[in-house]
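Take a look at the structure set out below.
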Amino acid sequence: MAWLQITGLGDSDYLAKAGAVLGLHALTLEDILNTRHAPKLEEFSEYLLLALKLPIYDPEENYLITKQLSLVLGRGWLLSFEEGGSNDLSPLLARLEQADSRLRKRQVGYLAYAIWDLIQDHYFAALEKMSRRLDDMEDMVLESPSPEVLEGIYRLRRASVSLRKVLWPLREMASSFQRIASDWPGQNLSPYLRDLKEHIVQAMDMNDILRENLASLMDLYLNQKSHRMNEIMKILTIMASIFIPLTFLAGIYGMNFKYMPELDWIYAYPLLLGIMVVVVVVMLFFFRAKGWLGNKN
Amino acid sequence: MAWLQITGLGDSDYLAKAGAVLGLHALTLEDILNTRHAPKLEEFSEYLLLALKLPIYDPEENYLITKQLSLVLGRGWLLSFEEGGSNDLSPLLARLEQADSRLRKRQVGYLAYAIWDLIQDHYFAALEKMSRRLDDMEDMVLESPSPEVLEGIYRLRRASVSLRKVLWPLREMASSFQRIASDWPGQNLSPYLRDLKEHIVQAMDMNDILRENLASLMDLYLNQKSHRMNEIMKILTIMASIFIPLTFLAGIYGMNFKYMPELDWIYAYPLLLGIMVVVVVVMLFFFRAKGWLGNKN
Amino acid sequence: MAWLQITGLGDSDYLAKAGAVLGLHALTLEDILNTRHAPKLEEFSEYLLLALKLPIYDPEENYLITKQLSLVLGRGWLLSFEEGGSNDLSPLLARLEQADSRLRKRQVGYLAYAIWDLIQDHYFAALEKMSRRLDDMEDMVLESPSPEVLEGIYRLRRASVSLRKVLWPLREMASSFQRIASDWPGQNLSPYLRDLKEHIVQAMDMNDILRENLASLMDLYLNQKSHRMNEIMKILTIMASIFIPLTFLAGIYGMNFKYMPELDWIYAYPLLLGIMVVVVVVMLFFFRAKGWLGNKN
Amino acid sequence: MAWLQITGLGDSDYLAKAGAVLGLHALTLEDILNTRHAPKLEEFSEYLLLALKLPIYDPEENYLITKQLSLVLGRGWLLSFEEGGSNDLSPLLARLEQADSRLRKRQVGYLAYAIWDLIQDHYFAALEKMSRRLDDMEDMVLESPSPEVLEGIYRLRRASVSLRKVLWPLREMASSFQRIASDWPGQNLSPYLRDLKEHIVQAMDMNDILRENLASLMDLYLNQKSHRMNEIMKILTIMASIFIPLTFLAGIYGMNFKYMPELDWIYAYPLLLGIMVVVVVVMLFFFRAKGWLGNKN
Amino acid sequence: MAWLQITGLGDSDYLAKAGAVLGLHALTLEDILNTRHAPKLEEFSEYLLLALKLPIYDPEENYLITKQLSLVLGRGWLLSFEEGGSNDLSPLLARLEQADSRLRKRQVGYLAYAIWDLIQDHYFAALEKMSRRLDDMEDMVLESPSPEVLEGIYRLRRASVSLRKVLWPLREMASSFQRIASDWPGQNLSPYLRDLKEHIVQAMDMNDILRENLASLMDLYLNQKSHRMNEIMKILTIMASIFIPLTFLAGIYGMNFKYMPELDWIYAYPLLLGIMVVVVVVMLFFFRAKGWLGNKN
Ligand SMILES: [Mg+2]
Ligand SMILES: [Mg+2]
Ligand SMILES: [Mg+2]
Ligand SMILES: [Mg+2]
Ligand SMILES: [Mg+2]
Ligand SMILES: [Mg+2]
Ligand SMILES: [Mg+2]
Ligand SMILES: [Mg+2]
Ligand SMILES: [Mg+2]
Ligand SMILES: [Mg+2]
Ligand SMILES: [Mg+2]
Ligand SMILES: [Mg+2]
Ligand SMILES: [Mg+2]
Ligand SMILES: [Mg+2]
Ligand SMILES: [Mg+2]
Ligand SMILES: [Mg+2]
Ligand SMILES: [Mg+2]
Ligand SMILES: [Mg+2]
Ligand SMILES: [Mg+2]
Ligand SMILES: [Mg+2]
Ligand SMILES: [Mg+2]
Ligand SMILES: [Mg+2]
Ligand SMILES: [Mg+2]
Ligand SMILES: [Mg+2]
Ligand SMILES: [Mg+2]
Ligand SMILES: [Mg+2]
Ligand SMILES: [Mg+2]
Ligand SMILES: [Mg+2]
Ligand SMILES: [Mg+2]
Ligand SMILES: [Mg+2]
Ligand SMILES: [Mg+2]
């Protein structure tokens, strides 16, 4: 079993030469170097190409990127091509160094499975982070719904839609891989690949639930804002409805007509103040009856 | 027929040893101990693994949790593993103690069915509680739509989405179980399993209707708020539209110009009061014609 | 051909004895007595069980209930079990009393079809009433959108969702019945059952359209409220924008400063009134230009 | 080839007699006379029944009606029954009068196809009118969103839902017709019926797009109203925020306290006016900074 | 291999004659000249008709148009008909001029593939532009949500719905082409057509994601507007709630009653000013406690 691991796709000339030496088709090399297409599995006469995607969710930026990791699986040999510099397969290297690891005793098909399974864990990690983000935003919507949360919901929804885009083809690919691998003698990968497919479907389910909850959360935001607007308007209406009539009454007796008999009457001023108190009390009862005030409702 | 019942999954060392003694696969033990995956049915050469989920809806917290209950079904023996301490299978133990119970006379497949059927009843219980919760919230939305109801609707929707997530695989599992059990000699489980599957589908339907009603209820909430906002704004507009012009009129005759002939005219004050009454009456007729006031509409 | 008609399911002891005499399975009796499950068709060796649902829509309460009507169809005999006291099958009895009716000349399978077809008419009656209710509410939303309409839309939507729940299994049941009946000698029910199934599908379509229209109507309500809010706010804004500046101007000349030369000027008062008229005219032109006033729009 | 054309279904006695003479089944006559059911194709031993629907969209009323046009297609003869008095088949009659028309040279199956194809053109005509209506309403929503447009959108959506209801069964019918006609010797209708089915699918697509655009347009309306409400509230807030503080200031110096030293100070009045100007300028800068005023945004 | 390229469909008489000379069916000519139908593939005994659509998205107008490009593919010859004057196939002509190009060495089926593949690139170009437009509008919604953005979202959504309409049939056509081409000797187009189909599906996915993001963006717009309305109303409520009560107080002491003892008291004026300051401070604390002011929240 031979595993040749290539990290970084910057030096395309070198890769082209290496591809030619290794007998890779020109289209295969193109697929490895072009990291913008969807995940794909393609069968060639001499090898199998698996172009996988490793998702990375950045909670700071609320943004999802995917790195391409391509596997070329031949009879007894495996090539892996990783986009970017970091080595995401190091856990497998560690396991391979252990003399008695299961990985060491199995064939190259199992190694391909093990790499894919490792990649699949990154989906759960990303979804876990995204769910935690959702929970945070949920609290914010319930406590203080600001436009920043709104933007956060929108960005997370975009990330979830992008994730769905890469998960859909992966399920099909796992089925194809299972079908192809069932013909390989002495490898019995079937239970492992069934488990892998189960993981993909579970990630899809988690993602669907996430997106559905995000839609609910956006509705919740709108409803919260609607409630807050009502509260604001109640305060304005209470203030205006109490003081505007009182100001009018005061305005009446601020007029300078010569013949306003009330002005000369000694009890007019306290009586008017009393009437104003009555108006305030009546208005307050009215608003209380509407349930706008205090603990009545 | 032998039934070994294990309650609580805390002591994983003990379970590992027991599993080895009973000949369970390492993957089976993992599935029993890891309670976070979806329900699943897996066929091994010596036994059948059924990882079931028992839903518990807490109306106080408006939150749904699921407990895992795994069954390992061999030829003539059954192992059950329950997450948590409470014994949810006690009704079956009571039935088994009765000398002439149907449960006692049948084989181990029937016992597995009886356990699953008992679990399935918990789904109806949870959905019943959730529906009652919906009805309560419906009354609250129609009478006094507060943000607490809103949060309640949102939480119930999340609970319903979670429930769907466990119900979907259960239906598939019941079909697989039916197919597998049809080969077992002398057990004739088919009518029972058909009934079980019917129960699962019915729970799914109830859950779908619940979620659809929740979506309608959220729309209703928004529309209610919208109606209440209109009512608030009508009051504000009526108050402001009546008193602001009157206050302006009073303001006019509160001015201190030297030459304001009206001020000296003896009928000016009562005439102005009369004009103000006319303004109020006209405004009230205008608002009544718009249907904002009283029993006109 | 023998038809035994049982009305009301209250006396379960009597029904249990009758069931035993007639050779009904314990599960069949349970299904007949338990009226809360979905419609179902079950085949037994000696008979066929059809548990049907008869919908009753109450326009006063805007609420849908279903009554269970179970048929047990044996070789040459038919049992019917109706929930509740009213006899919904009386039109059939009347037809049977006519000496030359088609019903009299046919076999028991045709009778079962005739009963089901009669039940299916109740779906059209209910949907007809529900559609009429929708049309009424549509007028109300367009003329005076009150929260009562809103509640009505919500309740009708719930009724429609419930109706869908019983219609779905009925379609499957009609297919199964057609398949089973195709083996019965000398009854040629096929064209009748095809027609029955067509009726079920048509009821489903009508119900789908009803629900879709209800969703549109709820959108319309929200939009109507939004429009009315705009109208209310325009009135408030026009009133406030015209009179608040005028009141300010009057307030200026109501001040008691010693040195306010304007106060002594003889043309100040009429000039100020003129300025106020200009302000009003300018504001009215501004609002008219915005299309808020009169027939400009 | 014989074509008997019957226009208007008013005289049902005459039709019943004619049907009996022509050997039509009682159910066929019922289907021809009852114009409220969905389109349908039914095969009898002696003839084929095609109950088609001709849509008529009235842009004035924004309402869709359908007229039933039933074809009974026998060996060498065709009956057509049109609901209502107008003759929608006159273009075909004109073509038949031309001595060398293709219609004259073909058999009766081709005539049935030609009639259906003519009917199908009415769907495009109706959809064309409906799309034009959508475009008009789109302009209205963008320029002056009134409740009339809203009602128009709602009505057009209902018309589109009704249209879908008749288009769905037509597609199935065309497939059935194609299958049945493939057995007819010497008529080779296959390319024509494939084209017909393509037209039906295209009408369905146009209708789906129409409905989707209507949903978007209703969203647009709500958003437009929301924007306009914001504009109205800005004006109110600007007016109130500028003049209410100024009026308060004027009110202060309108008070009649004996000891208000400012009142006697000679520069108090111009100073206060200066302060008021500063307040106005500050408020205007504040609103401009918020982007509520002028071309800053 | 012969390729006859026809640009512009204006001279229909010439095309009719050319069609007759080349042995094209009348229906084929109609399909080539009528550019309003959906993309289609039709098989004739002597040739294959491919009516393709080339999308052009104009970001200025935010509008999508499609140009029809029809291919008639015979044994060893290819006709191409382009709507409009511009030559969209020039890249292929350039490649054909190169002596050693792969295009030159292959048969006519490969040429048809190469044309279609070139057309398919226009879909990616259009989608790329549309996505960039979405990103621009996203920024605008988050920064300054104006009705122009709203109209832009609506128009882009329409463009996306139109694009879906042409992409759906293309996928089916690619499958049919692949099936038909698999019978052609010595051309081995299979891997190329599989790649082409993959491109179509990818364009559909991109378009679906675009439309989903547009729906989210419209929700975001509404929510943004709702937030801004809240901000506007807070300012109005703060201003009104502070100054209306103060104006009332000033109004009280502006009254002209003879007996108002406070007026003569020397400390009344400063005391009242002090009370007013207290009122303002209390109101500000109230609004700050509600989180409406400053950096508290
Ligand atoms: Mg996205
Ligand atoms: Mg999005
Ligand atoms: Mg899912
Ligand atoms: Mg799911
Ligand atoms: Mg799901
Ligand atoms: Mg939404
Ligand atoms: Mg949720
Ligand atoms: Mg959830
Ligand atoms: Mg369901
Ligand atoms: Mg349902
Ligand atoms: Mg459902
Ligand atoms: Mg909704
Ligand atoms: Mg809504
Ligand atoms: Mg409902
Ligand atoms: Mg339908
Ligand atoms: Mg329908
Ligand atoms: Mg439908
Ligand atoms: Mg909607
Ligand atoms: Mg509608
Ligand atoms: Mg409709
Ligand atoms: Mg469509
Ligand atoms: Mg479409
Ligand atoms: Mg579509
Ligand atoms: Mg929407
Ligand atoms: Mg909405
Ligand atoms: Mg659109
Ligand atoms: Mg469109
Ligand atoms: Mg897609
Ligand atoms: Mg997709
Ligand atoms: Mg997608
Ligand atoms: Mg929304």
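As the structure is a computational prediction, the values presented were derived from the model and not from experiment. Residue numbering restarts at 1 for every chain, and letters A, B, ... go by the order of the sequence lines.
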Is it true that the side chains of Glu172(A) and Trp168(A) contain a donor and an acceptor less than 3.5 Å apart? no

Among Leu150(A), Ile153(A), Thr247(A), Ile244(A), the residue with the most heavy-atom pairs under 4.5 Å to chain E is Leu150(A)

Any donor-acceptor pair under 3.5 Å linking the side-chain atoms of Tyr57(A) with those of Asn62(A)? yes

query = Going by an N to O cut-off under 4.0 Å, is there a salt bridge joining Glu138(E) and Arg158(A)?
reply = yes

When every non-hydrogen atom of Tyr269(A) is compared with those of Ile252(E), the smallest separation belongs to OH-CG2, 4.1 Å

Residue from Gly254(E), Pro245(E), Ala240(E), Gly251(E) scoring the most non-hydrogen pairs under 4.5 Å with chain A is Pro245(E)

Applying a strict 4.5 Å limit to non-hydrogen atoms, the region of Met276(A) in contact with chain E is side chain

If one checks every heavy atom of Leu273(A) against chain E at 4.5 Å, the contacting part turns out to be side chain

So, the part of Leu220(E) with a heavy atom under 4.5 Å from chain A: the answer is both

Check Asp136(A) with Arg133(A), please: is the shortest side-chain N to carboxylate O separation under 4.0 Å? no

One option among Lys40(A), Glu143(A), His37(A) has the most heavy-atom pairs under 4.5 Å with chain E, and it is Lys40(A)

Practice task
State yes or no: are the ring centers of His199(E) and Phe124(E) separated by less than 6.0 Å?
Solution key: yes

Just by distance, do the side chain of Asn223(E) and the backbone of Asp219(E) share a donor-acceptor pair under 3.5 Å?
yes

Checking heavy-atom separations under 4.5 Å from chain A, one finds in residues 224-239 of chain E Gln224(E), Ser226(E), His227(E), Met229(E), Asn230(E), Met233(E), Lys234(E), Leu236(E), Thr237(E)

(request) Please report the C-alpha distance between Glu262(E) and Leu272(E) in whole Å, then the side-chain angles of each, then the deciding distance to 0.1 Å, and finally whether the side-chain contact (heavy atoms from CB on, under 4.5 Å) criterion is met. (result) CA-CA 10 Å; Glu262(E) 302 98 306; Leu272(E) 183 68; over 6 Å; no

Test ring-ring contact (aromatic ring centres under 6.0 Å, His included), reference Phe257(E), set Tyr253(A), Trp265(A), Tyr267(A), output is Tyr253(A)

